[in-house]
2 protein chains.
Amino acid sequence: MPAEEPAPTQSRYRWLADELRRTIELGAIVDNDALPSERDLAEQYEVSRDTVRKAVRYLEERGVLYSDHGRGTFVAPALVRNMSRFLDSFSHDTSARGGVAGQKILLVEPAAASLAMAGLLGVQPGRALIRIKRIRSIDAHPVGLHDAYVVARPELHIDRAALERTGSLYKLLREGFGVLPAEAVENLSAAAADAEDAKLLQVPSGSPLLVCERVTLSERREPIEYCQMKYLPSYRYSTRLSRHGFES
Amino acid sequence: MPAEEPAPTQSRYRWLADELRRTIELGAIVDNDALPSERDLAEQYEVSRDTVRKAVRYLEERGVLYSDHGRGTFVAPALVRNMSRFLDSFSHDTSARGGVAGQKILLVEPAAASLAMAGLLGVQPGRALIRIKRIRSIDAHPVGLHDAYVVARPELHIDRAALERTGSLYKLLREGFGVLPAEAVENLSAAAADAEDAKLLQVPSGSPLLVCERVTLSERREPIEYCQMKYLPSYRYSTRLSRHGFES
DNA sequence: TAGTGGTCTAGACCACTCG
DNA sequence: GAGTGGTCTAGACCACTAG
């Protein structure tokens with residue numbers, strides 16, 4: 001029996017997924033325990049089996065559940081649960097970890113796309129960009145440098161004041177201009193801090209840094225920005241991988 | 001009209017997905033072009049619309065397609081296409097990039113789980129493990145160190161000879177013992193090479209390294225191994241992020 | 001053999017986008 | 001308003017797992 005009816009704005013499977021997640025977080029079903037069968041859940045929550053399957057799949061994608069053909073559907077161990085690693089801004093990601101995100105804006109200026117950057121972003125070389133360079137901090141401690149190149153658009157008016165106000169470039173793009181990041185490609189490696197990095201992050205030159213390059217695309221897969229991020233060793237980047245088939 | 005019937009062993013939606021991917025790779029539909037509507041595809045390929053939707057979703061998960069409510073289904077730009085980033089072994093990943101994976105086995109020996117490792121793996125402290133330390137190389141150039149701790153099982157007989165023969169720990173676990181990695185959690189950061197790292201990788205002590213820690217789980221979410229990987233700056237770790245909802 | 005998840009179908013209606 | 005993807009249903013059968 002449904003504990004509560006789904007809000008009219010929400011789909012039934014999302015509502016069911018939330019119900020199931022709540023049940024799990026309450027500790028009613030523990031790690032690696034089986035859920036009731038899909039047919040039972042369908043009856044209990046008064047939805048079709050297909051709707052149950054959608055809810056289960058939704059939670060599988062988020063690492064909350066996993067299903068085994070012929071055996072059942074189970075609660076994923078806490079280690080992987082909620083390791084969603086979807087698209088996220090530094091600010092949002094940091095507060096999700098219980099920290100306070102900060103920034104010191106070093107630079108907001110027009111720039112032109114270099115050959116390399118144009119290729120990555122899929123725009124013409126020389127295309128107008130807006131460069132934004134910032135020191136990012138968590139709980140007032142500097143942890144990294146962000147060097148972003150946003151593809152300029154006529155309606156886009158990014159200035160230091162607006163950025164300072166919102167504290168998050170993504171939030172500014174979304175709320176100010178309706179630009180919504182939908183997908184991103186990232187490339188991680190290690191590098192030594194150069195003289196400038198060292199000075200800004202207050203570490204010796206040559207110190208190890210985690211370098212993350214990112215290209216962000218809009219819902220229509222138009223390029224939004226290229227960003228190079230350099231982090232101190234204390235910064236940790238977490239992710240979850242699934243098999244999802246037999247690609248081996 | 002279907003070009004060819006699906007093999008009896010394969011599901012129809014996987015077959016359709018392969019057909020669509022082939023069509024795209026042939027260049028018949030270019031980046032950001034729209035596919036025929038789901039209803040049209042269902043008619044063309046003589047399947048139900050639901051089967052079309054499953055095929056499309058399958059390719060969306062792999063970064064090949066994306067759909068927009070009310071607009072259509074489109075081919076993802078080449079930048080994100082085929083950036084699947086599912087669970088993969090070093091060997092497989094390397095050959096997918098066109099390189100030849102190599103290894104030099106430094107150590108295969110029994111070990112006991114430390115407190116920290118026991119917590120990560122979800123086993124008792126002191127639990128029997130098998131430690132495997134290797135230098136990994138691409139095209140005969142050393143690129144990283146792998147230090148793996150495999151959870152020992154009675155049926156599991158890992159020795160240097162077997163590992164040398166297969167060249168891949170995952171392949172050995174899969175083909176030798178039917179242990180299939182299903183999910184993994186990774187944690188990346190930067191670190192300086194210590195004296196031992198430096199010697200093994202032939203770089204100065206203090207050089208920047210990309211450190212990747214990974215816990216791998218089986219299909220039943222039993223712990224398989226903990227592995228710490230350290231890579232030179234030339235090694236690149238690529239990933240793709242999606243929004244998948246409104247978690248911002 | 002009974003029970004589970006996986007696939008497939010046909011049809012209905014809703015929500016969104018765009019000319 | 002016409003066309004698109006998104007949700008939901010009810011029922012059938014297959015493939016796998018376990019006692």
Side-chain angles (χ1 to χ4, degrees), chain A residues 2 5-20 32-61 65-76 178 180 182 218-221 243-246, chain B residues 2 5-20 32-61 65-76 178 180 182 218-221 243-246:
Chain A
E5 288 307 306
T9 98
Q10 208 183 193
S11 57
R12 286 173 88 79
Y13 83 89
R14 286 290 295 267
W15 166 80
L16 214 201
D18 287 347
E19 286 291 313
L20 294 175
N32 291 314
D33 258 14
L35 263 64
S37 76
E38 294 177 349
R39 289 165 179 86
D40 286 354
L41 286 172
E43 202 178 354
Q44 274 180 49
Y45 289 96
E46 294 175 354
V47 296
S48 73
R49 191 183 153 209
D50 223 55
T51 299
V52 171
R53 284 182 61 72
K54 262 198 206 155
V56 169
R57 183 136 193 216
Y58 178 84
L59 292 174
E60 274 186 273
E61 280 170 2
L65 299 177
Y66 65 96
S67 305
D68 263 14
H69 193 172
R71 287 210 313 135
T73 301
F74 307 86
V75 175
L180 207 63
S218 71
E219 287 183 300
R220 307 229 174 156
R221 270 57 179 179
R243 194 161 53 81
H244 265 177
F246 348 119
Chain B
E5 289 307 306
T9 98
Q10 206 183 195
S11 57
R12 287 172 86 81
Y13 83 88
R14 285 289 296 265
W15 166 80
L16 213 201
D18 288 346
E19 286 290 313
L20 293 175
N32 292 313
D33 258 13
L35 263 64
S37 76
E38 295 177 348
R39 289 163 180 86
D40 285 353
L41 287 172
E43 202 178 354
Q44 273 180 48
Y45 289 96
E46 294 176 355
V47 295
S48 73
R49 190 182 153 208
D50 224 53
T51 299
V52 171
R53 282 182 60 73
K54 264 198 205 153
V56 168
R57 183 137 191 214
Y58 179 84
L59 293 175
E60 274 186 273
E61 280 169 2
L65 298 177
Y66 64 96
S67 303
D68 263 15
H69 193 172
R71 288 212 311 135
T73 301
F74 307 86
V75 175
L180 207 62
S218 72
E219 287 182 300
R220 306 226 175 160
R221 271 57 179 179
R243 193 161 53 82
H244 265 179
F246 349 119

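The structure presented is a predicted model; accordingly, all values stated were derived computationally and were not measured. A note on names: the letters A, B, ... follow the listed sequences, proteins ahead of strands, and every chain is numbered from 1.
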Over all atoms of both residues, closest heavy-atom pair of A:Y13 and A:A55: O-CB, 3.4 Å

Short side-chain N/O contact to C:dA10 OP1/OP2 from B:R49, under 4.0 Å: no

Length of the CG-P vector between A:L41 and C:dT4, whole Å: 10 Å

Nearest-angstrom distance from the residue atom OH of B:Y66 to P of D:dT4: 17 Å

Side-chain N or O of A:R53 closer than 4.0 Å to phosphate OP1/OP2 of C:dG6: yes

A:H69 aromatic ring stacked with six-membered ring of C:dG6, 5.5 Å and 30°: no

Phosphate-side-chain proximity, A:R57 and C:dG6, N/O vs OP1/OP2 below 4.0 Å: no

Distance in angstrom units between A:D50 CG and C:dA12 P, rounded: 17 Å

Rounded interatomic separation in angstrom, taking CG from B:D68 and P from C:dA15: 18 Å

Atom-pair distance (OH on A:Y58; C1' on D:dT7), nearest Å: 15 Å

Which residue lies more 5' along DNA chain C, comparing A:R220 with B:K54 via nearest heavy atoms: B:K54

Distance below 4.0 Å between B:S37 side-chain N/O and D:dT4 OP1 or OP2: yes

Among C:dG5, D:dA10, C:dC8, the nucleotide that comes nearest once only the side chain of A:R39 is considered: C:dG5

Which atom of A:A182 lies closest to which atom of A:R221, heavy atoms considered: CB-NH1, 3.6 Å

Euclidean distance, atom CZ of residue A:F74 to atom P of C:dG3 [Å, nearest integer]: 17 Å

For C:dG6, the Watson-Crick or wobble partner whose two distances fall under 3.5 Å: D:dC13

Nearest listed nucleotide, side chain of A:S11, among C:dT9, D:dC8, C:dT7: D:dC8

Over all atoms of both residues, closest heavy-atom pair of B:P36 and B:L41: O-CD1, 3.7 Å

Spacing of B:E46 atom CD relative to C:dT9 atom P, expressed in whole Å: 10 Å

For the student: nearest non-hydrogen atoms of B:N32 and A:R220, plus distance: OD1-O, 3.8 Å

Presence of A:T73 side-chain N/O under 4.0 Å of C:dT4 phosphate oxygens OP1/OP2: no

Phosphate contact (D:dT4 OP1 or OP2) by B:S67 side-chain N/O below 4.0 Å: no

Sugar-phosphate, base or nothing in reach of A:V56, heavy atoms under 4.0 Å: nothing

Interatomic distance, A:R71 CZ vs D:dG19 P [rounded to whole Å]: 10 Å

Sole residue of B:V52, B:L65, B:L59 in side-chain contact (heavy atoms from CB on, under 4.5 Å) with B:T73: B:L65

